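Residue numbers run from 1 in the order of the sequence given. Numbering of ligands and ligand atoms starts at 1, following listing order. The model shown is predicted, which means the values in this text are computed figures rather than measured ones.
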Amino acid sequence: MSKKTIHILAIESSCDDTGASVLKNNRVLSNEVAGQKVHAAYGGVVPELASRAHQQNIVPVVDQALKIANVDKSELDAIAFTRGPGLMGSLLVGTSFAKSLSIALDIPLIPVNHMQAHVLAHFIEDESQKQPPFPFLCMTISGGHTQILRVNSHEDFEILGETIDDAVGEAFDKTAKLLGLPYPGGPLIDKNSKKGNPLAFSFSEPKTPNPLDFSFSGFKTAILYFLQREQKKDSDFIKNNINDICASVQRSLVNILMNRLKLAAEKSGIKHVAIAGGVSANSEIRSTLKAMEKELGWITYIPKFEYTTDNAAMIGIVGYYKYLSKDFSSENVIATSRLDINK
Ligand code: KG4
Ligand code: ZN
């Protein structure tokens, strides 16, 4: 029996990137993202400016995604969109757009959980990615979340550990801000680290009651006090040591992540280990994870670069699985800023 070809248009607008993607079954035909430079001057995402920029971007980004995919609106089988978690005003732009288009084209509407999408990005059919077998471990590291999950199926996610305060991406971005680097600072810390000595400075690892949980708010404060102390001795301390500071901070954050992940693998006995989310674009977390293949016999899964930071293709792949199980929703569905990983 030949399988029906399904075209899904996916929309992502949970934070500060407006994304649209067209998938043909589990393959990506286009994956367009419009970033929002407007936040750089403020050192973080300004929610009101984000929703306004989404409103300006969404129509051209969707048009572009359809054009690149060479798919006409009339060929679409469903619209998938990010329902949450994320910034409410931003989510509302994508949600309203998706609802209107689904009504206009009379095709199903598929709400998607952004956190599930980061994980299931591994299942996008692409020559440069391999797909993990169930169960596998996935450490989702982004600007909003830090979780270690045991993934039992496409729809069953068990949280083994998570942050009790800030996300690791925030630790990168807030440290960058203290160093005078523009938002988002994570990629710049990564870049500067390549020229620095990771052993120049050391920062202690925060402890949590559940050893698989994370805590980054104390880490950020420790960096602040460290910089204040050093600047008393040398007012140009940051300027003179920027690369070493970045490399040392990055090494500490990667150690914190890897120590928890190793413990989760040891406790669960699972050797298939994946990372997902914006911070998995980090070059040191990528190389450290890869090194575990030789060191601990893990089989590791690192998403293709464009499927790590917020993108609509990952929303589309969840949409595809939900389409197969006819998991549609009515136009009464509402966006939600907080959303449990299994919802
Ligand atoms: O997944 P994502 O695009 O958005 C959220 O859902 O939060 O993640 C964004 C986060 C930001 O904190 C950004 O600084 C971080 O990912 N990031 C990085 C790198 N690239 C992006 N952090 C460290 N190194 C990178 N190369
Ligand atoms: Zn994200």
In terms of atom number and element, which parts of ligand 1 are under 4.0 angstrom from non-hydrogen atoms of [X]?
X	value
Gly144	7 (O)
His118	1 (O), 6 (O)
Gly169	12 (O)
Gly143	5 (C), 7 (O), 8 (O), 9 (C), 10 (C), 12 (O)
Ala281	20 (N), 26 (N)

[X] and [Y]: side-chain donor and acceptor closer than 3.5 Å?
X	Y	result
Ser325	Asp327	no
Asn25	His7	no
Ser215	Asp165	yes
Gln147	Thr140	no
Asp213	Thr208	no

Item to check | Option of least heavy-atom distance to atom 20 (N) of ligand 1 (set: Pro85, Gly186, Gly278) | outcome: Gly278
Are any of the N/O atoms on [X], whether in the backbone or the side chain, positioned under 3.5 angstrom from an N/O atom of ligand 1?
X	answer
Ser283	no
Glu170	no
Asn282	yes
Thr309	no
Gly185	no

Next on the checklist: Counting only heavy atoms closer than 4.0 Å, does ligand 1 sit against the backbone of Val279, its side chain, both, or neither?
Outcome noted: both
Checklist entry - Does ligand 1 have a heavy atom under 4.0 Å from the side chain of His114, from its backbone, from both, or from neither? => result side chain
Checklist entry - Going through the checks in order, is the side chain to side chain contact (heavy atoms under 4.5 Å, CB included) test met by Lys195 and Asn192? => result CA-CA 6 Å; Lys195 297 172 276 180; Asn192 292 338; 4.0 Å; yes
Item to check | Contact check: His145 to the Zn ion (ligand 2), N/O/S below 2.8 Å | outcome: no
Checklist entry - Is the closest basic N to carboxylate O distance between Lys177 and Glu170 below 4.0 Å? => result no
Next on the checklist: Could you go through Phe134 and His154, starting from their C-alpha distance and side-chain angles, then the distance that decides it, and tell me whether this counts as ring-ring contact (aromatic ring centres under 6.0 Å, His included)?
Outcome noted: CA-CA 9 Å; Phe134 299 113; His154 291 124; 5.0 Å; yes
Checklist entry - What's the spacing between Leu149 CG and Asn342 CG if we round to 0.5 Å? => result 8.5 Å
Item to check | Min heavy-atom dist Cys15 to ligand 1 below 4.0 Å | outcome: no
Checklist entry - Given Phe237 and Phe201, is the ring-ring contact (aromatic ring centres under 6.0 Å, His included) satisfied, shown in steps? => result CA-CA 13 Å; Phe237 176 75; Phe201 310 106; 5.6 Å; yes
